[in-house]
Amino acid sequence: MKNRQRTQRQGKKHSNRHERSEVRPKKHLGQHFLKDVTIAARIAETLELTKTANVLEIGPGTGVLTEFLLQRPIKLIAVELDRESVEYLHTRYIPQLPEATRKRFLEVVEKDFLKMALEPLFSGEPFAITGNFPYNISTQIVFRLLEHRDRIPEFSGMFQKEVAERICSGPGSKVYGILSVLVQAFYKAEYRFTVPPEVFDPPPAVSSGVLHLARRETWQLPFEEKVFFHVVKSAFNQRRKTLRNSLKSLNLSENLKEDTIFGRRPEQLSVSEFITLSQRISDDAL
């Protein structure tokens, strides 16, 4: 309740700031600028920051989320591909920040997150990721997260609602799939809240969803992880078939294929069962 009241006060305090932006969202970049500062404040508060005080914001746009992130005791790097947005942040946004906020660490980088080197960020220290992610690259952002999970203990942000639900869904759900299993093998996933289209400029055709991911204590697999990724992707690429059929290409031994688990479909397996199955397949190939 206290956080909600604080968010409402923050929303009132900053209610007109981002309506004055001269930056126009660009369709080819999948930009939908968030206008509702109350929602921006709620997204900023999803970060728990118990493992790191370094935060990477992807796609700050006009800084609506950036402003609330800077109210927290963090070091912030905001990476933005749109040059117009970068120029706005440098020339109009940053100079107008309150003096106390300006003194906090803030770096705005004009780069493509999907192509930039992440190793040099924050001098090699761990960092969290957040943002209002463009729908057209959101899945690629998640796969990059998984590649660098040794550096990223926490992740939150806004996706297309369907994608956010898929990431957080469990076995038996129609949307449970590759993203669900791969993410939840390494992170605890929680769907936080839904965001309606009308709070964006321009409004997207669908609702959005905000999620939070906290890296598990055991975020490494006890076998070669490429086997796990291959098993999960192969299984769900033919999700209507049983595992005995969808995993034929793995050339499993007859003894292993006799296990009853191969008579099940992928959406029936929990994340832990996929990990166990992948380890058995890895051992079978030795």
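Small disclaimer: the values here were computed from a predicted structure and weren't measured. Throughout, numbering of the chain's residues begins at 1 and tracks the sequence.
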Heavy-atom closest contact ([X] atom, [Y] atom, distance):
{"X": "Leu34", "Y": "Val64", "answer": "O-CG1, 3.4 Å"}
{"X": "Arg72", "Y": "Glu48", "answer": "NH2-O, 4.3 Å"}
{"X": "Pro153", "Y": "Pro126", "answer": "CD-CB, 4.1 Å"}
{"X": "Leu213", "Y": "Leu211", "answer": "CG-CD1, 3.8 Å"}
{"X": "Ala40", "Y": "Phe68", "answer": "CB-CD1, 3.8 Å"}
{"X": "Ile167", "Y": "Ala189", "answer": "O-CB, 4.2 Å"}

For [Y], is there any backbone N or O sitting under 3.5 Å from a side-chain donor or acceptor partner on [X]?
{"X": "Asp284", "Y": "Ser253", "value": "yes"}
{"X": "Glu224", "Y": "Lys226", "value": "no"}
{"X": "Arg192", "Y": "Ile43", "value": "no"}
{"X": "Glu258", "Y": "Asn255", "value": "no"}

Could you grab the distance from atom [atom1] of [X] to atom [atom2] of [Y], nearest 0.5 Å is fine?
{"X": "Leu89", "Y": "Thr62", "atom1": "CG", "atom2": "OG1", "result": "7.5 Å"}
{"X": "Arg144", "Y": "Leu146", "atom1": "CZ", "atom2": "CG", "result": "12.0 Å"}
{"X": "Leu221", "Y": "Ser278", "atom1": "CG", "atom2": "OG", "result": "8.0 Å"}
{"X": "Leu179", "Y": "Phe159", "atom1": "CG", "atom2": "CZ", "result": "8.5 Å"}
{"X": "Lys51", "Y": "Ile152", "atom1": "NZ", "atom2": "CD1", "result": "15.0 Å"}
{"X": "Leu250", "Y": "Lys248", "atom1": "CG", "atom2": "NZ", "result": "12.5 Å"}

Query raised in the report: Among Glu154, Lys188, Glu190, whose side-chain hydrogen bond (donor to acceptor under 3.5 Å, both in side chains) with His212 holds?
Result: Glu154

Taking only distance into account, with no hydrogens and no angle test, what donor-acceptor pairs under 3.5 Å do side-chain atoms of residues 108-117 form with protein atoms, sequence neighbours excluded?
{"residue": "Glu110", "atom": "OE2", "partner": "Arg83", "partner atom": "NE", "Å": "2.9"}
{"residue": "Glu110", "atom": "OE2", "partner": "Arg83", "partner atom": "NH2", "Å": "3.4"}
{"residue": "Asp112", "atom": "OD1", "partner": "Leu114", "partner atom": "N", "Å": "3.0"}

Modelled atom types, side-chain donor and acceptor of [X] and [Y], under 3.5 Å:
{"X": "Thr194", "Y": "Ser207", "answer": "no"}
{"X": "Tyr135", "Y": "Ser208", "answer": "yes"}
{"X": "Gln160", "Y": "Ser138", "answer": "no"}
{"X": "Ser180", "Y": "Ser169", "answer": "yes"}

Report task. Spell out, yes or no, whether Tyr191 and Val199 are grouped together once hydrophobic residues are joined by side-chain heavy atoms under 4.5 Å, including indirect joins. Result -> no

**Report entry** Same cluster (ILVMFWY, side-chain, under 4.5 Å), Leu182 and Val175
**Finding:** no

Requested in this report: Using the ring pair (Phe, Tyr, Trp, His ring centres under 6.0 Å) rule, take Phe236 and Phe274 through it: C-alpha gap first, then chi angles, then the decisive distance, then the call.
Outcome: CA-CA 11 Å; Phe236 281 104; Phe274 264 111; 5.6 Å; yes

Query raised in the report: So, is the end of the Arg216 side chain (NZ or CZ) under 6.0 Å from the ring centre of Trp219 and within 45° of the ring's axis?
Result: no

Query raised in the report: Does NZ or CZ of Lys233 come closer than 6.0 Å to the centre of the six-membered ring of Phe143, within 45° of the ring's axis?
Result: yes

Are [X] and [Y] ion-paired here, with the side-chain N under 4.0 Å from a carboxylate O?
{"X": "Lys174", "Y": "Glu267", "result": "no"}
{"X": "Arg149", "Y": "Glu147", "result": "no"}
{"X": "Arg42", "Y": "Glu45", "result": "no"}

Report task. Could you walk me through whether Thr130 and Ser156 pass side-chain hydrogen bond (donor to acceptor under 3.5 Å, both in side chains), step by step? Result -> CA-CA 5 Å; Thr130 193; Ser156 74; 3.0 Å; yes

Query - Note, Phe200 side chain near Ile39 side chain (heavy atom, < 4.5 Å) - result: no

Requested in this report: Evaluate salt bridge (Lys or Arg N to Asp or Glu O under 4.0 Å) for Lys75 paired with Glu107, printing each intermediate quantity in order.
Outcome: CA-CA 9 Å; Lys75 293 181 179 180; Glu107 180 181 356; over 6 Å; no

